[in-house]
Amino acid sequence: MYNILIVEDEQLEMAALTKIVSEHIVDAEIYTASTGRKAINWIDSITELDLLLVDLNIPLPNGLDVIRYLREKNLKTKVIVLTANDDINMACNMFGLQVNNYLLKPIRTSKLLEVLKTTLSIDSEKEERFEENKQEMLTFLENFEYVKWIERITQNLLEDKSVNHSKDLLNTVIRLKGLELEKSAKYNQQLSIMKYDRKNFYNILRTLINMSNDIFDLLHRKNLVKVEPILRAQYHIERHIFDELKLDNVADHTFISSSYLSRLYRKYFGIGFSQYIIERKMALAKILLRYSDLQINQISIELSYNDLNYFCRLFKKVTGKTPSEYRLTEDS
């Protein structure tokens, strides 16, 4: 996600700049200020400001004063200056302020986008992938396809070897759907301080799952989508994948009888309810064995198998290997 502050005192130009940035920069959080004082207030309150887009000719403190204030606090924020004057005095005044680029008014949309993407080092392929993933996630949310949602989040985490893509996806969906997630700030703080490695993998995955649970919980409570019984059942299972799961309990939360739920699993998946639970838990066990540093007995307990031998027998039945053999094979 890009935090972008636009400082412009002309209302029409501010509206145009905001529209262009929001429509063409994927996952941009846009802040606006019409005066230097308001801009400084934003600089003080935004935790990680990626870009300052500032008109030099704004009410005092002027654009140069705002940039100087920014540089006193933050050396990493990129700066693009907007000006109607192309002269040597402007260049001299900006010397030492680490201005990354400047645009002469009137500004063409194509030129603005070119400079924005260059300044932010935006990778077009990554941007396209993010957009595709975003649309995919919105579809999963609208159709209440929680299993596909979790699989996509997990796959992104494994492919990127970084938490940023998955975190930004969740935050973008939350913003686009207008959801007010009570623990959003807490989750983001937790994810921001965890480095992607074997030691942190499990905690990262659990945090992303917890955040996803809250998103779907909120959607469910607001009755924003019609949910079929089989999707409600799958959601409850994934929501409690780390707990012990029983047919009667899932049926109660799905508002159907146990016998009907059992028939639904045979109909949709060709296997019984219990086997479905085992396969979902073993799929998660494989990921934890391969990417986390959790010991096998820890993984067994996390998945609510208190009998380690039983867990190992189930794992071998599903995968053809013991957990130790699987970890050794996948690590080599």
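These numbers were taken from a predicted model, which means no experiment stands behind them. The first residue of the sequence shown is numbered 1, and numbering continues consecutively from there.
The structure places CG of Asp293 at 8.0 Å from CG of Asp197, a figure rounded to the nearest 0.5 Å. Put simply, CD on Glu182 and CG on Leu218 are 10.0 Å apart, with the number rounded to the nearest 0.5 Å. Rounded to the nearest 0.5 Å, atoms OG (Ser300) and CG (Leu288) are 11.5 Å apart. A distance of 12.0 Å separates CD1 of Ile150 from CD of Gln234, quoted to the nearest 0.5 Å. Here Asp65 contributes atom CG and Leu70 contributes atom CG; the two are 12.5 Å apart, rounded to the nearest 0.5 Å. One distance of note links CG of Asn213 with CZ of Arg239; it measures 4.0 Å at 0.5 Å rounding.
Under a cut-off of 6.0 angstrom, the local environment of CD in Glu279 is crowded, with over 12 non-hydrogen atoms contributed by other residues, nucleotides or ligands. Glu180 CD: 12 or fewer foreign heavy atoms inside a 6.0 Å radius. Under a cut-off of 6.0 angstrom, the local environment of NZ in Lys105 is crowded, with over 12 non-hydrogen atoms contributed by other residues, nucleotides or ligands. The number of heavy-atom neighbours closer than 6.0 Å to CD of Gln275, taken from other residues, nucleotides and ligands shown, is above 12. When the shell of 6.0 Å around CG of Leu12 is examined, it contains 12 or fewer heavy atoms from other residues, nucleotides or ligands. Heavy atoms of other residues, nucleotides or ligands lying less than 6.0 angstrom from NZ of Lys134 number more than 12. Atom OH of Tyr310 is surrounded by 12 or fewer heavy atoms from other residues, nucleotides or ligands within 6.0 Å.
Heavy atoms only, all atoms of each residue included: Thr32 and Trp42 are closest at O-NE1, 2.9 Å. Heavy atoms only, all atoms of each residue included: Ile299 and Phe311 are closest at CG2-CZ, 4.0 Å. Pairing each heavy atom of Thr319 with each of Lys321, the nearest pair is OG1-O, 3.0 Å. Contact detail for Val66 and Gly36: the closest heavy-atom pair is CG2-CA, 3.7 Å. Here the shortest heavy-atom pairing between Leu51 and Val79 reads CD1-N, 4.2 Å. Contact detail for Met211 and Ser184: the closest heavy-atom pair is CE-OG, 4.5 Å.
For the pair Leu53 and Leu5, the minimum side-chain heavy-atom distance is 4.5 Å or more. Within the 4.5 Å cutoff, the side chain of Ile277 has no heavy atoms near those of the Val250 side chain. By the 4.5 Å heavy-atom criterion applied to side chains, Phe242 and Ser304 are not counted as neighbours. In this structure, the side chains of Asn133 and Arg152 come closer than 4.5 Å at one or more pairs of heavy atoms. At least one side-chain heavy atom of Leu82 sits less than 4.5 Å from a side-chain heavy atom of Leu17. Contact of the Phe255 side chain with the Leu261 side chain is not registered, since no non-hydrogen atoms from C-beta on lie closer than 4.5 Å. Side-chain contact check for Tyr260 versus Leu264: some heavy-atom pair is nearer than 4.5 Å. Between Trp149 and Leu141, some side-chain heavy-atom pair lies under the 4.5 Å cut-off.
Remark: side-chain polar atoms of Asp307 are paired, donor with acceptor, to backbone N or O of Asn309 under 3.5 angstrom. Of the possible donor and acceptor atoms, none in the side chain of Asn100 sits under 3.5 Å from a partner among the backbone N and O of Ile80. Looking at Ser166, its side chain never comes within 3.5 Å of a backbone N or O of Asn156 through a donor-acceptor pair. With Glu228 contributing its side chain and Ile230 its backbone, the two residues share no donor-acceptor pair below 3.5 Å. With Asn200 contributing its side chain and Lys195 its backbone, the two residues share a donor-acceptor pair below 3.5 Å. Proximity of a side-chain donor or acceptor of Asp55 to a complementary backbone N or O of Asn57 within less than 3.5 Å is detected. The closest donor-acceptor contact from the side chain of Thr83 to the backbone of Leu104 lies at 3.5 Å or more, if one exists at all. Between the Arg198 side chain and the Leu294 main chain, no donor and acceptor come within less than 3.5 Å of each other.
Remark: aromatic rings of Phe140 and Tyr146 are distant, center separation not under 6.0 Å.
At a threshold of 4.0 Å, the pair Arg280-Glu151 counts as salt-bridged, since one of the basic side-chain nitrogens sits closer than that to a carboxylate oxygen. For the pair Arg129 and Glu159, the salt-bridge criterion is met [side-chain N within less than 4.0 Å of a carboxylate O].
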Next item on the list: With side chain to side chain contact (heavy atoms under 4.5 Å, CB included) as the test, would you mind laying out the steps for Ile4 and Glu29 before giving the verdict?
Entry: CA-CA 6 Å; Ile4 300 175; Glu29 187 73 29; over 6 Å; no
Next item on the list: Show the numbers, then the answer: is there a salt bridge (charged side-chain N to carboxylate O under 4.0 Å, His left out) between Lys246 and Glu244?
Entry: CA-CA 7 Å; Lys246 299 291 186 182; Glu244 185 178 3; 3.3 Å; yes
Next item on the list: Evaluate the criterion salt bridge (charged side-chain N to carboxylate O under 4.0 Å, His left out) for residue pair Lys76 and Asp50; output intermediate values, then yes/no.
Entry: CA-CA 8 Å; Lys76 294 182 179 180; Asp50 298 292; over 6 Å; no
Next item on the list: I would like to know whether Thr207 and Met194 meet side chain to side chain contact (heavy atoms under 4.5 Å, CB included); could you show each step before the answer?
Entry: CA-CA 10 Å; Thr207 303; Met194 286 190 283; 3.7 Å; yes
Next item on the list: Given side chain to side chain contact (heavy atoms under 4.5 Å, CB included), test Gln189 with Lys186 step by step and report yes or no.
Entry: CA-CA 5 Å; Gln189 183 181 20; Lys186 176 186 174 182; 5.6 Å; no
Note to self: Please evaluate residues Ser212 and Leu170 with respect to the criterion side chain to side chain contact (heavy atoms under 4.5 Å, CB included), reporting the C-alpha separation (whole Å), side-chain torsions for both, the decisive distance (0.1 Å), and the verdict.
What the structure shows: CA-CA 8 Å; Ser212 298; Leu170 293 183; 4.0 Å; yes
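Counted by atom type alone, Arg108 and Ser110 present one or more donor-acceptor pairs between their side chains at under 3.5 Å. For the residue pair Arg175 / Asn171, no side-chain donor-acceptor distance below 3.5 Å is found, with atom types taken as modelled. No hydrogens or angles considered: a donor-acceptor pair under 3.5 Å links the side chains of Asp248 and Ser258. Side-chain contact check for Glu302 and Gln298: no donor-acceptor pair (N or O, by modelled atom type) lies under 3.5 Å. With 3.5 Å as the limit, one finds no donor-acceptor pair spanning the side chains of Thr322 and Ser324. Looking at Tyr187 and Asp214, their side chains do bring a donor and an acceptor atom within 3.5 Å of each other.
Seen from the ring of Tyr268, Arg263 does not count as a face-on cation partner, given the 6.0 Å and 45° thresholds. A cation-pi arrangement is present between Lys281 and Tyr305, with the terminal nitrogen or guanidinium carbon under 6.0 Å from the aromatic centre and inside a 45° cone about the axis.
Note: His236 and His253 have parallel aromatic rings, judged against thresholds of 30 and 60 degrees for the angle between ring planes. Between Tyr276 and Phe269, the ring planes lie tilted relative to each other; the angle falls in the 30° to 60° range.
Cluster annotation: Leu245 is not connected to Ile301 through the hydrophobic network of ILVMFWY side chains, with a link wherever side-chain heavy atoms come within less than 4.5 Å.
Of the options Tyr202, Tyr196, Phe201, a ring pair (Phe, Tyr, Trp, His ring centres under 6.0 Å) to Tyr291 is made by Phe201 and by none of the others.
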